[in-house]
Amino acid sequence: MTELETAAVAARRAGFYVADARTIAMDVDPEIDSLGGESVVVIGGGFGGLSTACYLADAGADVTLLEKNEQLGGRASRLETDGFRFDMGPSWYLMPDVFERFFGHFDRSPSDYYSISRLDPHYRVFWKDGDSVDVGPDVEANKELFESYEPGAGEALERYLTEAEYTYEVGMEHFVYEDRPRLRDYVDRDVLRHAHGLSLLGSMQDHVEGYFEHPKLQQLMQYSLVFLGGSPTNTPGLYNLMSHVDFNMGVYYPDGGIGAVVDAVVDLGAELGVEYVTDAEATAIEGRRGGFAVDAANDRRYLADLVISDADYAHTERELLPPEKRQYTDEYWESRTYAPSAFLIYLGVEGDVPELAHHTLVLPTEWEQHFDRIFEDPEWPRDPAYYLCVPSKTDDTVAPAGHSNLFALVPIAPGLDDDPETRSWYRDLVLEDITEHTGTDLRDRIVLEETFSVSDFADRYNGYRGSALGLAHTLRQTSLLRPPHVSDAVDGLYFTGSYTTPGIGVPMCLISGQLTAEYVTGS
């Protein structure tokens with residue numbers, strides 16, 4: 001082993017990623033070279049796996065994708081019963097430019113598969129002191145809203161969004177679509193030029209406090225951190241770009257829900273030649289480049305030249321690989337900060353819910369305690385912050401006539417005990433809280449009810465500690481400090497999805513698929 005390779009391995013064992021010699025030699029390019037008919041097995045049918053499969057099939061590979069569950073989409077599963085259809089996981093369609101760019105790579109457009117509608121309002125917020133606001137697509141109206149809480153906040157919002165737009169444009173092109181797995185990638189003169197003016201250091205709390213004093217305005221700029229699995233104090237200020245996504249780019253709904261987007265990417269892959277196998281949980285990965293065998297729970301063994309894992313990264317290393325083929329120890333995974341799990345209630349109810357918008361947030365006036373119950377002192381929050389989604393406001397195909405489709409999502413700490421008794425009392429707490437703080441009493445109108453929580457994320461998705469999202473985007477787990485796309489322990493094994501760069505979220509997982517494919521092909 002060379003001195004460089006030895007240093008890289010030592011750094012990884014300490015929890016930092018320094019690219020191996022093969023990766024260091026690569027110049028990542030958006031054009032993905034031909035694979036010349038090599039066989040590839042992709043493990044996991046979440047957006048990262050589906051995206052990677054499309055890029056590699058387009059590059060000429062013979063791609064077979066194995067999915068543990070009965071349907072594709074990973075955490076973007078659907079629950080369909082008694083005339084109701086729920087998106088079980090992601091429900092916000094953000095960053096439409098990423099979807100355009102993804103499908104555009106294959107000379108297609110999202111509109112070839114589904115249509116989208118911009119929501120108005122983007123979302124509604126209820127605070128538990130009785131206050132409520134709507135945030136919508138009209139930036140001038142939003143400035144007036146901010147001004148009503150704090151003199152000068154309207155102009156501060158304009159300045160904030162100008163910076164967020166710059167961060168988005170520079171960050172996406174030079175730090176998201178272009179992977180930078182080495183520390184030296186960040187001391188390059190060209191990179192430093194692009195990074196000028198970006199909030200690369202400090203937390204979102206620090207960044208937002210520089211613009212707004214009113215705690216409610218700070219919350220409006222920070223609520224999206226739940227989608228990144230972090231809190232205002234542990235998420236880098238760089239993620240102010242999410243406010244450009246929210247306020248400027250808009251919040252959309254794809255007709256048919258996020259499940260329609262899953263169908264679109266699956267159909268694209270099929271057009272490119274991807275073979276999908278569901279109910280085929282991978283149980284072991286053996287071999288190396290040119291001679292892999294992937295065992296599956298359907299009593300089949302799949303042979304391949306290359307393997308890509310979109311399964312939970314920790315699960316892949318700890319359960320599918322022998323100890324000598326792992327990059328990280330159990331202690332490494334135990335020491336990481338994980339994104340929240342969630343307590344979800346999927347509800348079919350009689351009648352309308354006029355008090356709620358398509359997306360509704362219910363927030364304690366002081367929400368630090370809720371984050372503390374996730375990251376500092378894990379326990380079930382008794383004064384929860386939560387999210388309500390009512391897609392039947394926009395799409396009349398998701399519920400029978402005369403009924404509403406909605407779900408409640410409470411972010412909670414991963415690893416909590418969610419036995420039936422706990423679920424029962426917490427379900428009652430949440431429904432009572434909805435009644436008290438939104439004026440919507442659902443309890444006597446429920447015709448369908450399902451819950452999903454920590455143990456379900458672990459069982460259905462092999463989520464480590466039942467996390468709903470994987471590794472949080474903390475200051476020490478962002479960019480080059482996330483696990484790599486390329487295994488340094490098994491030649492020919494690659495990773496994709498939310499544990500890798502660029503990270504959590506449907507758009508980021510689509511981009512992760514592109515980055516993984518570029519590493520596979522060396523392009």
Side-chain angles (χ1 to χ4, degrees), residues 92 94-95 97 118-173 175-176 194-228 230-252 357 359-368 370-371 385 387 473-475 478 505:
W92 293 61
L94 302 169
M95 303 170 68
D97 57 317
R118 188 166 186 173
L119 298 181
D120 188 3
H122 289 166
Y123 51 91
R124 179 167 296 157
V125 178
F126 289 95
W127 281 285
K128 293 188 180 183
D129 63 0
D131 193 12
S132 65
V133 300
D134 283 359
V135 175
D138 187 333
V139 174
E140 289 302 316
N142 293 330
K143 288 172 61 178
E144 292 178 10
L145 170 65
F146 273 57
E147 191 72 23
S148 70
Y149 280 88
E150 179 182 315
E155 293 305 314
L157 175 63
E158 186 171 18
R159 295 195 307 274
Y160 189 98
L161 294 181
T162 297
E163 179 182 357
E165 181 177 12
Y166 174 78
T167 302
Y168 185 86
E169 292 176 351
V170 173
M172 290 295 290
E173 200 62 38
F175 297 95
V176 173
H194 290 305
H196 178 71
L198 301 185
S199 299
L200 296 177
L201 300 175
S203 69
M204 273 293 294
Q205 184 64 36
D206 297 332
H207 183 77
V208 172
E209 285 178 349
Y211 287 85
F212 309 103
E213 293 183 7
H214 200 290
K216 289 181 179 177
L217 299 185
Q218 293 179 11
Q219 288 184 7
L220 289 178
M221 309 314 291
Q222 296 169 338
Y223 83 91
S224 60
L225 298 183
V226 71
F227 302 124
L228 300 173
S231 76
T233 58
N234 70 12
T235 303
L238 178 67
Y239 289 102
N240 71 80
L241 61 83
M242 291 300 296
S243 293
H244 172 65
V245 171
D246 177 359
F247 285 84
N248 293 336
M249 300 181 72
V251 180
Y252 297 81
H359 297 306
T360 298
L361 304 167
V362 182
L363 306 177
T365 307
E366 301 293 334
W367 67 352
E368 293 85 356
H370 188 122
F371 286 110
Y387 160 59
H473 279 276
T474 65
L475 294 166
T478 292

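For the numbers below, each heavy atom of this structure counts, side chains included, while hydrogens, waters and symmetry mates do not.
- Taking the six-membered ring where the residue is Trp, Tyr149 and His214 present perpendicular rings, their angle passing 60° and hence far from 30°.
- Heavy atoms only, all atoms of each residue included: Met242 and Ser224 are closest at CB-OG, 3.5 Å.
- Using bins of under 30°, 30° to 60° and over 60° for the plane-to-plane angle, the ring pair Phe247/Phe146 lands in the perpendicular bin.
- In the model, Tyr168 has no side-chain atom that pairs as donor or acceptor with a side-chain atom of Asn248 under 3.5 Å.
- Atom CG of Asn240 sits about 4.5 Å away from atom OH of Tyr160, to the nearest 0.5 Å.
- Nearest heavy atom pair, residue Leu145 against residue Asp134, reads CD2-O, 3.8 Å.
- Distance check, rounded to the nearest 0.5 Å: NE2 of His473 to OH of Tyr239 gives 4.5 Å.
- With hydrogens and angles disregarded, a donor-acceptor distance shorter than 3.5 Å links the side chain of Gln218 to the backbone of Phe212.
- No more than 12 heavy atoms of other residues, nucleotides or ligands sit less than 6.0 Å from atom CD of Glu213.
- Nearest heavy-atom pair, Asp120 versus Pro137, reported as atom, atom and distance to 0.1 Å: OD1-CD, 3.3 Å.
- From Met249, atom CE reaches atom NE2 of His122 across 11.0 Å, with rounding to the nearest 0.5 Å.
- Minimum interatomic distance between Pro364 and Trp127 (heavy atoms only, all atoms of both residues): O-CD1, 4.1 Å.
- Judged by distance alone, with hydrogens and angles left aside, the side-chain atoms of Gln219 form a donor-acceptor pair with the main-chain N or O of Thr365 at under 3.5 Å.
- Closest of all the heavy-atom pairs between Ala153 and Leu217 is CB-CD1, 3.6 Å.
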(request) Evaluate the criterion side-chain contact (heavy atoms from CB on, under 4.5 Å) for residue pair Glu150 and Lys216; output intermediate values, then yes/no. (result) CA-CA 10 Å; Glu150 179 182 315; Lys216 289 181 179 177; over 6 Å; no
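- Looking at Glu158 and Val139, their side chains never come closer than 4.5 Å, going by heavy atoms from C-beta outward.
- The minimum heavy-atom distance linking Ala385 with His370 is given by the pair N-ND1, 2.7 Å.
- Asp246 contributes no side-chain N or O that, together with a main-chain N or O of Val251, makes up a donor-acceptor pair within less than 3.5 Å.
- Below 30°, between 30° and 60°, or above 60°: for His207 and Tyr211 the angle between ring planes is between 30° and 60°, a tilted geometry.
- Expressed to the nearest 0.5 Å, how far CD of Glu155 lies from CD of Glu147 amounts to 7.5 Å.
- Once rounded to the nearest 0.5 Å, the distance linking CZ of Phe126 with CG of Asp131 reads 10.5 Å.
- Summarising the geometry, atom CG belonging to Leu363 is positioned 8.5 Å from atom NZ belonging to Lys128; distances are rounded to the nearest 0.5 Å.
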